[in-house]
Every structure is written in structure tokens, then in C-alpha cells.
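Structure first, then comments.
Read the numbers this way: they start at 1 and go in the same order the structure lists the ligands and their atoms. Keep in mind that this is a model prediction, so the values were computed, not measured. Below, all heavy atoms of this structure are taken into account, side chains as well, without hydrogens, waters or symmetry copies.
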Amino acid sequence: MSKFTSANNVLILGCGRLGASIANRYSESGINVVVVDENENAFDRLDQLFAGDRQVGDATNINFLKNSCRIENATTVFLVTGNDNANLFLAHICAKEFGIARIYVRFDDPDRSELVKDLPHVIAISPFELTLEKLTSLEKEED
Ligand code: AMP
């Protein structure tokens with residue numbers, strides 16, 4: 001069972017390169033972190049000193065999120081599985097069923113952002129768009 005106890009509890013669904021980096025940063029800051037992945041080997045990406053909780057399971061399984069991850073106590077959630085459909089589904093669940101205060105969702109397909117724009121407290125992030133913005137601004141600097 002997860003060890004969410006204090007006022008600031010961060011739940012990270014997906015422990016790929018992005019999820020693990022976020023998890024390591026919060027852990028370093030002394031904040032309660034629970035990180036979830038369906039593949040136990042994904043946790044190898046966590047720092048040796050990672051002080052959070054690791055949960056192996058399917059992030060789209062609501063019972064698992066409730067019973068093992070204590071999602072109802074999460075104040076911030078990062079939806080960073082490598083699957084846009086799973087992340088989209090989870091954005092709806094986190095916003096509507098659990099009313100989580102801060103929800104960050106990653107979409108590889110930037111068009112998915114439109115599908116969460118009316119959900120409360122959801123911020124969509126697309127690596128594609130961020131890269132494009134950065135390249136455009138670099139190009140402008142050179143002009
Ligand atoms: P990446 O695509 O490198 O950012 O990694 C995404 C991570 O999400 C991988 O470690 C996958 O094992 C994990 N993942 C994908 N789908 C799920 C899921 N439904 N539940 C839990 N973890 C998942």
C-alpha cells in the first residue's frame with residue numbers, strides 16, 4: 001500500500017524516462033511520491049536514493065489505483081504512460097472521479113490536448129509541440 005500521508009502527495013503513472021525523472025526530482029525534494037509501472041524493470045530508472053513508493057500494476061485499473069496507490073490522497077498526478085489512450089482515459093478519471101487538484105498529462109499526439117481542454121485542473125503537455133516551439137524560437141533568434 002502506498003505511503004501517502006502528508007498534504008503534498010505526488011502520483012506518477014508510468015515510469016519511463018520522463019516519469020522516472022519527475023519521480024527522482026520530487027523524491028530529492030523530500031515530497032511523498034508514488035510511482036507506478038506495469039513493468040517492474042522500469043523502476044531501474046529510479047535513483048538509488050529514491051525514497052518514494054513503487055507500485056507494479058496497470059495504471060488503468062481503477063481498483064489498483066484506489067487500493068494500492070491510494071489515488072484519492074494524491075494532490076498532483078502525472079499521467080506519463082507511453083500510451084496516449086491510457087493517459088486520456090486517466091485524465092478523465094483523475095479530474096471527474098477523484099477531483100485531483102493538479103493533473104499533468106502527456107500526449108505524443110498533440111491533437112489529443114483538445115480532448116481534455118474542458119476538464120478541471122488538467123494541463124496537457126506534448127513533447128512534439130514543445131520541440132516545435134523551441135526550434136521556432138531558435139530559428140527566430142538567428143534571424
Ligand atoms: P516511455 O514511453 O519511455 O515514456 O515509458 C512509458 C512507461 O509507461 C513504460 O515504462 C511502460 O511500461 C509504462 N506503461 C505503459 N502503459 C502502462 C499502463 N497501462 N500501466 C502502467 N504503466 C504503463
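Rounding to the nearest 0.5 Å places SG of Cys94 at 6.5 Å from CG of Leu13. With rounding to the nearest 0.5 angstrom, the OH atom of Tyr26 is 6.5 Å from the CD1 atom of Ile31.
Between Asn39 and ligand 1, no pair of N/O atoms sits closer than 3.5 Å. Any N or O atom pair closer than 3.5 Å counts here, and Glu38 shares at least one such pair with ligand 1.
Every atom of ligand 1 with a heavy atom of Ala59 under 4.0 Å away is listed here by number and element: 18 (C), 19 (N), 20 (N), 21 (C). Applying the 4.0 Å criterion to heavy atoms of Ala42 picks out, from ligand 1, the atoms 10 (O). Here is the list of ligand 1 atoms found below 4.0 Å of a heavy atom in Gly57: 20 (N), 21 (C). Taking every heavy atom of Gly82 and a limit of under 4.0 angstrom, the matching atoms of ligand 1 come to 2 (O), 6 (C), 8 (O), 15 (C). Numbered from 1 in the order shown, with element, the atoms of ligand 1 that lie under 4.0 Å from a heavy atom of Gly14 read 8 (O).
When the side-chain contact (heavy atoms from CB on, under 4.5 Å) test is applied to Arg112, the partners found at least two apart in sequence or on another chain are Asp84, Asn85, Leu88, Phe107, Asp109, Leu115.
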Requested in this report: Show your working on side chain to side chain donor-acceptor pair (under 3.5 Å) between Thr60 and Asp58 and close with a plain yes or no.
Outcome: CA-CA 5 Å; Thr60 61; Asp58 178 2; 2.8 Å; yes
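Connection of Ile125 to Phe128 is not established within any shared hydrophobic cluster, with ILVMFWY side chains joined at heavy-atom distances below 4.5 Å, either directly or through further cluster members.
Among all protein heavy atoms, the one lying closest to atom 5 (O) of ligand 1 is Gly16 CA, 3.3 Å. Nearest protein heavy-atom contact of atom 4 (O) of ligand 1 is Arg106 NH1, 3.1 Å.
Ligand 1 lies nowhere less than 4.0 angstrom from a heavy atom belonging to Leu18. Heavy-atom distances between Asp37 and ligand 1 reach below 4.0 Å in at least one pair.
Listed by first then second residue, pairs satisfying side-chain hydrogen bond (donor to acceptor under 3.5 Å, both in side chains) with a partner in residues 89-99 number zero, not counting sequence neighbours.
Of the candidates Val36, Asn87, Asp58, Val80, it is Asp58 that places a heavy atom closest to atom 19 (N) of ligand 1.
Judged purely by distance below 3.5 Å, without hydrogens or angles, the side chains of Asn9 and Asn73 never pair a donor atom with an acceptor atom.
The minimum heavy-atom distance between Gly82 and Asp108, with the atom names listed, is O-OD2, 4.2 Å.
You'll find the side chain of Tyr104 stays beyond 4.5 Å of the side chain of Val77, heavy atoms only.
Heavy atoms of Thr81 found under 4.0 angstrom from ligand 1 belong to the backbone as well as the side chain.
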